[in-house]
Amino acid sequence: MENKPSRPNSYLALAIISTVLCCLPTGIVSIIYATKVNSHYEDGNYAEAERASKNAKTWGIVSIVGGVLVWVLSVILFGAAFLAAVESGY
Amino acid sequence: MGIKLNIYLKIIGVIVVLGVLSLYFFLDPTKIAIFPRCPFYSLTGIYCPGCGSQRAAHQFLHGHFIEGFKHNFLIGLLALVLGYQLFVFVMNTFYNKQVYNLLHSSKVTFGILIIIILFWILRNINAFPFTILAP
């Protein structure tokens, strides 16, 4: 119990947001790492928990950034086509 | 300088979020195809756990919560987790309580992982009780 390092962030909320709001299964990878953060921490493997935390963060950010990129590209491309169609009277 | 930049970034962030929300309010993703289709579904033909969340967002913004949940039940889980995080945060910072965060337990995180993977598998089964889960 003595000098227990503080619990690394599991980024669980970020992982769930990226899984549910982007359609990228990389969010699942992030949740798996979030689970590992907690189980390693409970087992006392603090270095492992810290590493899993970094991975959870990386995968969470990768899926959010990927999702946002796909979204922006799609809205610009199809949005332009949609506006053109509206202009020409459809 | 740093503080000023921070405020600008926040203002831009709020404008972007409001803009995106109004897009989802005014445009129905089932009718106007400017929103991306799920890349995973387009590539594999298999629904992913997030499929339907854009249609759900449209319904939610119009106050049709049940319709929204029908597109993607996981939004309920997301709301639950975020609400709980907020509750623990408010309790521990503003009321000086020591609420134990259940999300720090590996059993709870593992449970959430299992729920999401089960949801993923079941919503792809093309038979009656499971088709409710499909987007």
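When atom types are taken as modelled, the side chain of Ser53(A) and the backbone of Asn9(A) share a donor-acceptor pair closer than 3.5 angstrom.
Top candidate by heavy-atom pairs under 4.5 Å with chain A, chosen from Leu103(B), Leu82(B), Leu78(B), Leu74(B), is Leu78(B).
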ask   = Between Tyr11(A) and Thr58(A), does a side-chain contact (heavy atoms from CB on, under 4.5 Å) hold up when you go through it step by step?
value = CA-CA 10 Å; Tyr11(A) 299 102; Thr58(A) 309; over 6 Å; no

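Shown here are the side-chain contact (heavy atoms from CB on, under 4.5 Å) partners of Tyr8(B), two or more places apart in sequence or in another chain: Lys4(B).
Closest approach of Thr19(A) to Gly27(A), counting heavy atoms only: OG1-C, 3.2 Å.
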Could you list the donor-acceptor pairs under 3.5 angstrom formed by side chains in residues 10-23 of chain B, with sequence neighbours left out?
from, atom 1, to, atom 2, distance (Å)
Ser22(B), OG, Leu18(B), O, 3.2
Ser22(B), OG, Gly19(B), O, 2.8

Tell me which donor-acceptor pairs under 3.5 Å the side chains of residues 43-52 of chain B have, and how far apart each pair is, sequence neighbours excluded?
from, atom 1, to, atom 2, distance (Å)
Thr44(B), OG1, Phe40(B), O, 2.7
Thr44(B), OG1, Ile46(B), N, 3.1

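Residue contact with chain B, scored on non-hydrogen atoms closer than 4.5 Å, involves the backbone and the side chain of Ile32(A) alike. At a 4.5 Å heavy-atom cutoff, the contact between Ile116(B) and chain A is made by side-chain atoms alone. Only the side chain of Leu12(A) comes within contact range of chain B, judged by heavy atoms closer than 4.5 Å.
The aromatic rings of Phe94(B) and Phe89(B) stand perpendicular to each other, their planes meeting at an angle above 60°, with 30° marking the opposite boundary. Classified by interplanar angle (parallel below 30°, tilted 30° to 60°, perpendicular above 60°), the ring pair His62(B)/Phe25(B) is parallel.
Within residues 33-43 of chain A, the residues having any heavy atom under 4.5 Å from a heavy atom of chain B are, by residue number, Ala34(A), Thr35(A), Asn38(A), Ser39(A), Glu42(A).
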